[in-house]
Amino acid sequence: MSQVEQYEKCAHQFYLRRVEGVTPRPAAWSHQGTSFHTACEAVERSGRQMSTKAAVTLFSNEYSAAVNRALEDEPDLNRWMTAGPDGASDIEARYTLGQEQTASYVRWTKENEPELWKAEDGTLGVELHLTAEIGGVRVQGYIDQLVTEPDGSIRIRDLKTGTTKSRFQLETYAVLVRKALGLEVHRGDWYQAKKGGLTRPVDLAGVTEDEVGERYMQMDQSVKRAEFEPNPGFGCRFCDVSHACPFRRP
């Protein structure tokens, strides 16, 4: 689903990333998000027996390793994407922020005890990889969490360390869960690490495969026709391949 939204946002960015294979500029927020997800997954797979200290340590180790690997590939911090004054301070700030968010997640799970879905074979609904054909296109997704509702249906939950939320992502996941697992999905939500809690639920009961599939089909057909129109503007400031784009705007 990220490919669809990337294409719709700027087809030339899609081209640079997916066709030309331009190496994106690194960003500390990306490593923060990935490391937070790793720590949360470990907490859930431990049956929530993992201590706060162990979870924070796991985040710290994962984040440090990821940042160090990225620094080997791109040691010039002036080329890093950053939401702070500079790359170095952003890396440091997100190390501390990620630790705080990880500790907050552990506390939240203990206080709220959401019931994660589990298959008959013991597969837990955490970081679940599902694939299915939607709109004639093979779609895959890694779903952060499947939560069992009181009525037996499944709620899609996506974990976010940032502020960007994608309804289309939840809609795609709902279709994937229905097709790949045969489960009912009525709602979805986001766990927002910045706030340490959930958003309001999103109604997914009326989302259809045809509705979601239309966007995948349109993107697939446009890519096959080699239609990669640029969309220069404010978004160029946050584009990780703008350094290779002749259409970028400062």
Side-chain angles (χ1 to χ4, degrees), residues 1-3 5-6 9-10 13-14 16-18 20-46 50-109 126-129 140-145 157-166 169 190-196 235-245 248 250:
M1 71 292 306
S2 62
Q3 293 188 34
E5 293 184 311
Q6 184 182 61
K9 180 180 177 181
C10 178
Q13 181 191 50
F14 178 98
L16 293 173
R17 284 287 303 273
R18 312 282 180 175
E20 286 294 305
V22 172
T23 300
R25 289 184 292 156
W29 63 65
S30 175
H31 303 306
Q32 176 199 350
T34 300
S35 302
F36 174 78
H37 277 74
T38 298
C40 293
E41 179 182 1
V43 168
E44 298 297 352
R45 293 195 184 282
S46 74
M50 176 178 279
S51 67
T52 301
K53 180 178 180 180
V56 170
T57 297
L58 177 58
F59 167 84
S60 303
N61 292 340
E62 290 287 325
Y63 179 82
S64 297
V67 168
N68 286 334
R69 287 193 298 269
L71 284 169
E72 290 179 2
D73 294 332
E74 180 50 82
D76 185 357
L77 288 172
N78 291 321
R79 290 178 55 83
W80 281 53
M81 299 183 69
T82 176
D86 57 75
S89 60
D90 194 43
I91 289 173
E92 183 176 351
R94 290 182 183 280
Y95 178 81
T96 301
L97 178 61
Q99 290 178 326
E100 295 170 349
Q101 291 178 345
T102 300
S104 180
Y105 177 81
V106 176
R107 289 193 298 270
W108 182 83
T109 58
V126 175
E127 294 296 331
L128 200 60
H129 180 217
Q140 66 173 337
Y142 288 88
I143 305 177
D144 290 343
Q145 295 180 357
R157 179 157 295 156
D158 195 48
L159 310 183
K160 291 294 183 187
T161 52
T163 56
T164 301
K165 303 189 298 292
S166 167
Q169 182 181 31
W190 293 274
Y191 174 85
Q192 291 188 300
K194 282 191 172 183
K195 297 181 179 179
C236 294
R237 300 182 183 184
F238 309 99
C239 177
D240 57 5
V241 290
S242 62
H243 56 284
C245 181
R248 69 184 183 277

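- Rounding to the nearest 0.5 angstrom, the gap separating the OG1 atom in T163 from the CD atom in Q192 is 8.0 Å.
- Residue E20 qualifies as enclosed at atom CD: its count of foreign heavy atoms under 6.0 Å is above 12.
- The residues K165 and D158 are annotated as not salt-bridged, no charged nitrogen and carboxylate oxygen being separated by less than 4.0 angstrom.
- Between W29 and A83, the shortest heavy-atom contact is CZ3-N, 3.8 Å.
- Considering CH2 of W108 and SG of C40, their distance stands at 10.0 Å, rounded to 0.5 Å.
- A distance-only check finds a donor-acceptor pair linking the side chain of T109 to the backbone of V106 [under 3.5 Å].
- The heavy-atom pair separating Q13 from V241 by the smallest distance is CG-CG2, 3.8 Å.
- A donor-acceptor pair under 3.5 Å is formed between the side chain of S89 and the backbone N or O of D86.
- You'll find the side chain of V67 reaches within 4.5 Å of the side chain of W80, heavy atoms only.
- The two residues A39 and T102 have their closest heavy-atom pair at CB-CG2, 3.9 Å.
- What you find for T38 and L58 is that their closest heavy atoms are O-CD2, 4.0 Å.
- Contact of the V126 side chain with the E41 side chain is registered, since non-hydrogen atoms from C-beta on lie closer than 4.5 Å.
- Look at R69 and D73 and you find no salt bridge, because none of the NZ, NE, NH1 or NH2 atoms lies under 4.0 Å from a carboxylate O.
- H37 places no side-chain N or O within donor-acceptor distance of the main-chain N or O of D144, the cut-off being under 3.5 Å.
- Residues E62 and T34 fail the side-chain proximity criterion, which asks for heavy atoms closer than 4.5 Å.
- Remark: L159 CG to W190 CH2 distance equals 12.5 Å, nearest 0.5 Å.
- Within the model, atoms CZ of R45 and CE of M50 stand 11.5 Å from one another, a figure rounded to the nearest 0.5 Å.
- One N or O on the side chain of S64 and one on the backbone of S60 form a donor-acceptor pair closer than 3.5 Å.
- P24 has its side chain out of reach of M81: every pair of non-hydrogen atoms, C-beta onward, lies at least 4.5 Å apart.
- Contact annotation: the side chain of K194 never approaches that of T161 to less than 4.5 Å [non-hydrogen atoms, C-beta and beyond].
- Evaluated for a side-chain hydrogen bond (donor to acceptor under 3.5 Å, both in side chains) with R94, the options Q101, Q99, H31, Q32 yield exactly one hit, Q32.
- Annotation: the span from R17 atom CZ to T23 atom OG1 amounts to 9.5 Å, rounded to 0.5 Å.
- At distances below 3.5 Å, at least one donor-acceptor pair connects side-chain atoms of R248 with backbone N or O atoms of C245.
- A side-chain donor-acceptor contact under 3.5 Å links E5 and S166.
- Within the 3.5 Å criterion, the main-chain N or O of F36 finds no donor-acceptor partner in the side chain of Y63.
- At a threshold of 4.5 Å between non-hydrogen side-chain atoms, the residues Y105 and E44 count as touching.
- The two atoms that bring F59 and Y95 nearest to each other are CE2-O, 3.4 Å, heavy atoms only.
- Going from atom CD of Q3 over to atom CZ of R18 covers 4.0 Å, rounded to the nearest 0.5 Å.
- Side chains of E74 and R25 form no contact here, defined as non-hydrogen atoms less than 4.5 Å apart.
- The minimum heavy-atom distance linking L71 with L77 is given by the pair CD2-CD2, 3.6 Å.
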